[in-house]
Structures are given as structure tokens and as C-alpha cells.
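First the proteins, then the strands, lettered A, B, ... as listed; each starts at 1.
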There are 2 protein chains.
Amino acid sequence: MTSEHSARPTISDVAAEAGVGRSTAARTLGGYGYASEEVRERVLAAAERIGYRANALARSVSTGVSHTLGLIVADLANPFFGGVARGISDASRERGFDTLVLSTHEDLAEEVAATNVLIDKRVDGIIVASAALEAGAAGHIEQARSSGIPVVLVDRAVPGLDIDAVVIDNRAAARDAVAHLVAAGHRRIGFVWGPPLAERPRRRRDLVGVGTGNQWTDGERLQGYLDALDDEGLAFDVELVMVGAKTEENAQAEVARMLELPEPPTALFCTENDAMTGSLRALRNAGSRVGETMSLIGFDDSSWAAVMEPPLSMIEQPTLALGAKAAEVLFATIDAGSRGGAPELHTLETRFIARASVAPPNVN
Amino acid sequence: MTSEHSARPTISDVAAEAGVGRSTAARTLGGYGYASEEVRERVLAAAERIGYRANALARSVSTGVSHTLGLIVADLANPFFGGVARGISDASRERGFDTLVLSTHEDLAEEVAATNVLIDKRVDGIIVASAALEAGAAGHIEQARSSGIPVVLVDRAVPGLDIDAVVIDNRAAARDAVAHLVAAGHRRIGFVWGPPLAERPRRRRDLVGVGTGNQWTDGERLQGYLDALDDEGLAFDVELVMVGAKTEENAQAEVARMLELPEPPTALFCTENDAMTGSLRALRNAGSRVGETMSLIGFDDSSWAAVMEPPLSMIEQPTLALGAKAAEVLFATIDAGSRGGAPELHTLETRFIARASVAPPNVN
DNA sequence: TCCACACCTGATACCGGTACCACATTGGGG
DNA sequence: CCCCAATGTGGTACCGGTATCAGGTGTGGA
């Protein structure tokens with residue numbers, strides 16, 4: 001042991017230590033080109049002795065490959081994105097890639113900045129759950145691609161943007177959930193959360209096109225809700241959809257409002273976690289009992305949902321798998337080089353978990 | 001617009017486009033050295049025109065600064081670590097740093113590998129929630145530091161390791177929570193979860209030293225539990241602590257066992273999320289009603305806890321703040337250069353949220 | 001009128017790697 | 001015995017930046 005080495009040794013240091021030329025040391029350490037057995041051992045021993053670790057940055061500058069992926073999400077503290085990030089991270093680590101994760105707080109300007117950071121740091125690919133609602137707002141994504149960086153969208157496909165995307169079928173999941181409620185006998189089903197509507201729609205027409213044809217989760221879930229109503233021949237009632245800010249407080253207020261209607265809903269479909277907790281607060285305040293006077297279905301299963309009294313029926317999203325699949329698609333694109341095939345929309349299955357929060361409507 | 005540039009333009013391209021020397025272009029773009037107003041404008045315009053973006057990797061090789069932090073946690077999908085990661089990410093973004101996040105799945109070997117990756121990628125600092133239980137197992141952390149990378153521990157301080165750490169006072173939080181139960185009149189309080197005990201301790205002595213003097217969360221929480229018993233003059237009963245695997249299933253089984261005791265607990269202190277849900281399952285199966293026949297306190301508040309029936313008393317951990325503080329301490333170390341002060345243990349406050357799951361014991 | 005100096009620019013060496021290629025050696029076959 | 005190929009090594013250009021410095025130009029003061 002040649003004592004402490006505070007400065008990080010370089011290839012030249014190893015070469016000197018081993019008594020060989022710089023390029024010979026580089027060749028053995030880098031694993032390219034030729035080196036005799038004897039020299040190889042001497043170099044390896046020298047590297048070990050002085051604690052040499054290759055500078056990955058310098059290598060990347062030279063090779064043009066950084067072995068790093070970029071991930072852009074709204075909020076890492078959100079367990080959904082945490083799961084996706086973990087899925088990506090695990091899948092990419094297997095291939096020797098690491099992940100640079102940037103949070104945008106659902107702000108498009110921050111997303112653009114994040115994209116630039118990733119371009120500057122020369123990541124080999126980008127996975128993004130974009131806040132862009134349409135292709136026109138996704139110039140930064142086009143730019144990343146045109147500078148040669150493969151991009152895969154996750155969770156949210158941007159309509160009109162011709163890029164691989166890995167999503168769940170929010171529309172079908174919502175349709176199935178609502179159909180489940182209808183099958184239990186419900187006719188008046190509240191929709192809590194959704195695409196941000198500034199004001200109450202006056203008729204169903206006002207909702208046509210809201211988030212339509214786009215894969216953005218909220219819009220899709222609303223469409224699925226409408227699909228189910230159509231399938232079952234149920235009337236749409238504008239009073240049964242939430243409007244305004246997407247906060248737990250507003251969800252609570254909106255559900256409270258619905259409970260005051262002449263003909264209140266007998267079931268609620270909550271499209272997100274905070275929509276569910278807000279609804280539960282409103283129900284508790286109104287003395288409405290879940291599974292008896294009110295049926296409930298929520299999105300994003302959690303270990304809590306199963307221990308609620310009664311346990312809540314939930315739609316489970318495969319977050320890990322979503323991330324793993326996104327990474328897989330990204331690597332396929334990277335491997336394919338520029339001659340990639342046509343972009344695909346990869347849809348993963350959700351799982352409906354039936355629990356006791358859904359029961360026939362309480363007809364008194 | 002000089003059409004599409006699929007290849008990424010370099011400083012030389014800008015120089016050519018602007019009709020100046022490479023170094024002049026570099027000087028203006030890099031913001032160092034001199035350049036006349038007229039040339040500056042020409043260079044900036046040229047850069048804009050061909051869409052030049054500096055290669056951050058090349059810059060890092062030259063300057064030795066990567067403007068990247070490394071974060072090592074057990075599992076990004078765990079909301080606790082998600083929150084910490086988000087806190088770090090937000091704080092570091094403000095200073096123009098990005099974060100490389102690696103998950104180790106609570107495996108020390110993976111943690112060592114992750115550390116090496118970060119060293120190789122020349123991050124400017126590392127924040128780690130280490131799986132190492134003692135300084136002897138933290139050679140990789142020492143190694144990172146000796147190669148000049150500042151390190152800050154988060155969530156878990158490694159005993160004997162002389163490094164800055166940002167943690168919560170798990171011991172005090174646990175003590176206070178248990179004291180709260182005692183104040184409500186409870187004398188038999190179950191401890192669910194804890195440091196993995198292979199077999200049932202036979203007497204209290206067996207627990208002395210388990211996780212003692214170390215900041216590792218489980219050990220600290222157990223000590224806090226014992227502290228509270230001592231403070232309140234309560235007897236310790238080995239039957240009231242959970243043993244075996246730290247899984248939701250086992251927590252359920254252990255609580256079920258405790259309920260069968262001749263003198264079952266009247267309250268439970270759950271040190272983690274899965275411990276709480278496991279406990280709730282056991283209680284439901286046994287027909288025990290929370291807040292009536294059984295009082296409950298859990299760790300890690302969640303929006304679900306507030307909407308449970310009854311709402312659950314919880315200890316809230318400041319996850320975002322934990323991350324933000326860790327980043328702050330790390331930056332202070334980075335700014336201080338090699339001449340850093342003595343390592344400190346930074347302790348953040350938890351918050352006890354009293355809800356209806358704690359009530360006086362039901363004496364029939 | 002000439003020199004000093006401020007102003008401005010390009011050349012050049014470097015960071016720590018990759019990768020190619022030219023140039024010894026050595027040895028075997030014709 | 002000589003030549004050529006295989007074997008092994010170091011030199012060198014390059015990746016895309018940073019940073020210093022030499023030197024050319026223009027202006028004002030002596």
C-alpha cells in the first residue's frame with residue numbers, strides 16, 4: 001500500500017507505477033487492444049495498488065456514450081413516480097446505466113430546463129412523464145430527439161407527438177371500474193377529480209374533447225367514465241362531476257356538494273389518491289357509510305386501502321412495470337440506433353381489486 | 001436557420017460559423033477571459049443559430065467539477081425515500097446541481113457498487129442512507145471521502161463513522177409516543193417491528209445493546225420504547241415485542257399472538273407503515289376496535305391515516321426537510337473544501353399528530 | 001515621431017480518457 | 001540466411017471543453 005492517495009490517480013499514474021507506456025496501461029485497463037499476459041498483470045496490480053478508478057466522464061467525452069439515462073417526472077415524492085423511477089433504475093442498472101432524476105413540479109418551463117440539463121450532460125436517453133398537453137408544447141422533446149437522444153414517454157403520451165410511449169389504459173380502467181359500479185346496481189355515479197375544468201360544464205357536449213384523443217391520464221379517465229355511462233345507457237349529469245382545483249380540500253367540498261343534491265350519487269369513482277381521501281372526509285362529515293350508503297372505487301392501490309373499514313376497491317397501476325417497460329423500450333431504441341421502427345404506444349394492464357367498498361345501492 | 005443539425009455542434013463549429021478563432025468562441029461562451037462587444041454578439045448569434053449547447057461532460061473533465069450529486073437509498077419506491085430524494089433534488093437544483101439516484105435494495109454489496117459508480121462518475125458529493133450498521137462495514141464510504149468526495153449520511157447515522165449526518169431523533173420520537181400512550185392510561189403496550197431479532201429475547205438484558213448507541217432507526221425506536229417504560233416505571237415484557245421477519249404478514253401474526261396473551265396489550269406502537277397495516281389486519285380479524293379496545297400510534301404520517309375510522313395518531317417525519325438539510329450540509333462541506341469543521345449530527349424534529357386512535361384503555 | 005500600454009485575438013497546453021497506427025522484437029519457413 | 005508475419009509496445013491524434021499566454025493592433029502621451 002503506497003499510503004494515502006488523496007488526488008485521484010489517472011492512467012498515467014498507473015503506467016508510471018507499472019513501468020509501462022501510458023497507452024499500454026490504457027489498453028489493458030480499458031480492455032481494448034492487445035497486451036501480453038505479463039504486462040497485463042503488472043498493470044492490473046499497479047492499478048489496484050494505487051487505487052485507480054477510471055474517470056467515467058473523460059471516457060464519455062471520448063466515446064460519446066455516458067451510460068446514463070435521464071428521467072423527468074413531476075414529483076419524486078409522489079409514490080407513483082417513485083415506483084416508476086425505481087422500475088427504471090432497476091432495469092437500467094442491469095445494463096450498467098444510471099439514472100439522473102429531475103422533478104419538474106408539473107411545470108412545463110421546469111421540464112424544458114430539465115431537458116436541457118439532460119442534453120448538456122449527454123445522457124444516452126430520456127424518459128419523461130411530460131406535462132405537455134399537446135405536441136405544440138413539446139418542442140423541447142423534439143429538440144432532444146433531433147440532437148440524437150432517444151426519448152420515451154411514460155405514464156402520459158403527448159397527443160400528436162410521434163414518440164414511443166409506455167402507459168396504462170386509463171380509459172379502459174376507468175370504464176371497467178364504473179361498469180363494475182353499474183353492475184352492482186348504481187345509476188348515479190359521481191366522478192371525483194378529472195381534467196381541470198374552470199367552470200361547471202353546462203351539458204355533456206362541453207366535455208367532448210376535454211382531454212379527448214390524448215392519453216393524458218385525467219382526460220382519459222373522464223372519457224372512460226363517459227364510455228361506461230354510454231355502454232350502460234345511463235344519463236350524464238353535469239352535477240356529478242367535480243370541477244375546480246385538484247386538491248384534497250376541493251374534492252371534499254365537491255363531494256359534500258354532491259351529497260346535497262336532490263338525487264345524490266350512490267357511488268363515487270375517485271381518479272386519484274387525494275380525490276379518494278377528500279371524498280372519505282366528506283362522507284364521514286355527512287355520516288355516509290362506505291359500502292352501505294355509498295360505494296367507492298379509487299385509483300392507485302395502497303396497503304392502506306386494504307385495511308380501511310370497509311376495505312376499498314381499487315385500480316392498481318403497475319408502477320414498477322411501467323418503469324421497467326419504459327427502460328426496455330428506451331434501450332431497444334438506443335440499440336437500434338437511428339434506424340428505429342415506427343413509434344409504438346405500449347399499454348400495460350391495470351388490475352381491478354374488488355373489495356367491500358362496493359355494494360348494491362342502499363334503497364330505502 | 002442553417003437547416004437541421006443532427007450532430008451536436010461543438011465550440012469549433014460555433015467559431016467557424018462566427019468567423020472567429022476557437023478560443024475566442026470558447027471564451028465568450030464559457031464566460032471567462034475577454035472578448036469585444038462586437039465579437040461577443042457575433043459568437044452568441046452563431047451559437048444560437050446552430051443550436052449550440054456546451055458539453056457538460058467535457059467541461060467537467062476540464063474543471064474537475066461535475067455539478068452532480070449522488071444519492072444512495074434503499075428503495076426509491078418507498079415514499080419516505082421519495083420525499084428525501086425530492087428534498088435533495090429541489091435544494092440542489094437551486095444551486096445548479098443534479099442528482100444521480102441509486103437504489104440498493106437494502107443490500108450492502110449493492111451499496112458498495114453504487115458508491116463506486118458515483119466515484120467513477122465524479123459526483124461532487126454523496127448523500128447516503130447507508131445499510132451499514134457499523135463503521136467497520138462502511139469502508140466504501142471512507143473510500144469515497146479519501147478520494148476527496150464529501151459525504152453526508154441521511155436518515156441513518158453509522159455509529160463510529162465520523163461523518164456529518166442528518167437524522168430525526170427516532171429515540172425521542174418513540175419515547176414521546178409511548179409516553180403519550182402511558183399518559184392515556186395504558187400499561188401494556190406492544191412494540192410492533194423493530195430491529196430484526198432472530199429469536200424471542202428471554203429477558204430485557206437481551207435487548208440492551210441491540211441497536212444501542214447507533215442511530216439506525218429501528219434500534220433507536222426500540223430504545224425509545226424502553227426509555228418510556230423506564231420513565232414511567234413500567235415493567236418490560238418480552239412477550240410484547242415483535243420478533244422475526246419484518247413483513248406485514250409477520251407483523252399481523254405477531255399482533256395476533258399478542259392478542260392471545262393472558263394479559264394482552266391495550267395499545268400498540270407501530271414503527272413503520274407495514275407494521276401498522278399488519279397490526280390493523282390482526283385487529284380486524286380479532287374483532288378488536290381501534291380507539292376502543294385497542295389504542296394505536298404509527299410512524300410516517302400519510303393522508304390515509306387521517307381518513308381511517310377512527311383517524312390514526314401518527315409520528316410525522318419531515319422527509320422533504322431531511323433531504324433539503326442533507327443537501328445544505330453537503331454544500332457547506334463542498335464549499336468549505338478540505339478544511340471542513342468537525343462532523344456534526346443534525347437532528348430534525350418529528351411531529352406527533354394526535355388523533356382518535358388513542359383513547360384510555362377499555363377496562364371492563 | 002516614437003514608444004508604452006491597453007485592448008483584443010488566436011495558438012497552445014491541458015484535463016483523462018479512447019483508439020489507431022507505426023515501429024520494434026522475435027521466430028519460423030523458404 | 002534472410003524476409004516476413006505475428007506479437008507486443010509506445011507515440012500520437014482526438015473527444016470537447018478550460019485557461020493561460022504570446023503577440024498583433026490601435027491610441028495617446030511625451
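Following rounding to the nearest Å, A:I11 (CD1) and C:dA19 (P) show an atom-to-atom distance of 11 Å. Spacing between atom CD of A:E37 and atom P of D:dT7 amounts to 14 Å, rounded to whole angstrom units. Taking atom CZ on A:R122 and atom P on D:dG16, their separation rounds to 8 Å, with Å as the unit. The CD atom of B:E38 sits 17 Å away from the P atom of D:dT25 (whole-angstrom rounding). Nucleotide D:dT9 holds its P atom 15 Å from the OH atom of A:Y32, rounded to whole Å. Atom CZ in A:R27 sits roughly 10 Å away from atom C1' in D:dG11 (whole-Å rounding). Residue B:R59 contributes atom CZ, which lies 18 Å from atom P of D:dC15 at whole-angstrom precision. Atom pair A:R40:CZ and D:dT7:P shows a separation of 14 Å (rounding to whole Å applied).
Comparing B:A58 and B:V39 along DNA chain C, the residue whose closest nucleotide (by nearest heavy atom) sits nearer the 5' end is B:V39. For the pair B:V20 and A:T10, both in contact range of DNA chain C, the more 5′-proximal nearest nucleotide belongs to B:V20. For the pair B:V61 and A:A35, nearest-nucleotide mapping onto DNA chain D gives the more 5' position to A:A35.
The base of D:dG17 lies close enough to the side chain of B:S62 for a donor and an acceptor atom to sit less than 3.5 Å apart. Not a single donor-acceptor contact under 3.5 angstrom links the side-chain atoms of B:R22 to the base of C:dT9. Looking at B:R8, its side chain has no donor and acceptor atom pair within 3.5 Å of the base of D:dG16.
Looking at heavy-atom distances under 4.0 Å, B:T24 makes contact with a base.
The phosphate of C:dC7 (OP1 or OP2) has no side-chain N or O of B:S36 nearer than 4.0 angstrom.
Among the nucleotides D:dT18, C:dA11, C:dG16, the one closest to the side chain of B:S23 is C:dA11. For B:Y52, counting side-chain heavy atoms from C-beta on, the closest listed nucleotide (D:dT18, D:dG17, C:dG17) is D:dG17.
The shortest side-chain heavy-atom distance between B:D90 and B:R86 falls under the 4.5 Å cut-off.
Ion pair A:D124/A:R95 not flagged as a salt bridge, since none of the NZ, NE, NH1 or NH2 atoms sits closer than 4.0 Å to an Asp/Glu carboxylate oxygen.
Between the side chain of A:T333 and the main chain of A:V329, a donor-acceptor pair closer than 3.5 Å is present. Side chain of B:R156 to backbone of B:S130: a donor-acceptor contact under 3.5 angstrom is found.
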Original post:
Can you check side chain to side chain contact (heavy atoms under 4.5 Å, CB included) on B:R8 and A:I149, steps first, answer last?
Top reply: CA-CA 10 Å; B:R8 299 176 221 185; A:I149 306 179; 3.7 Å; yes
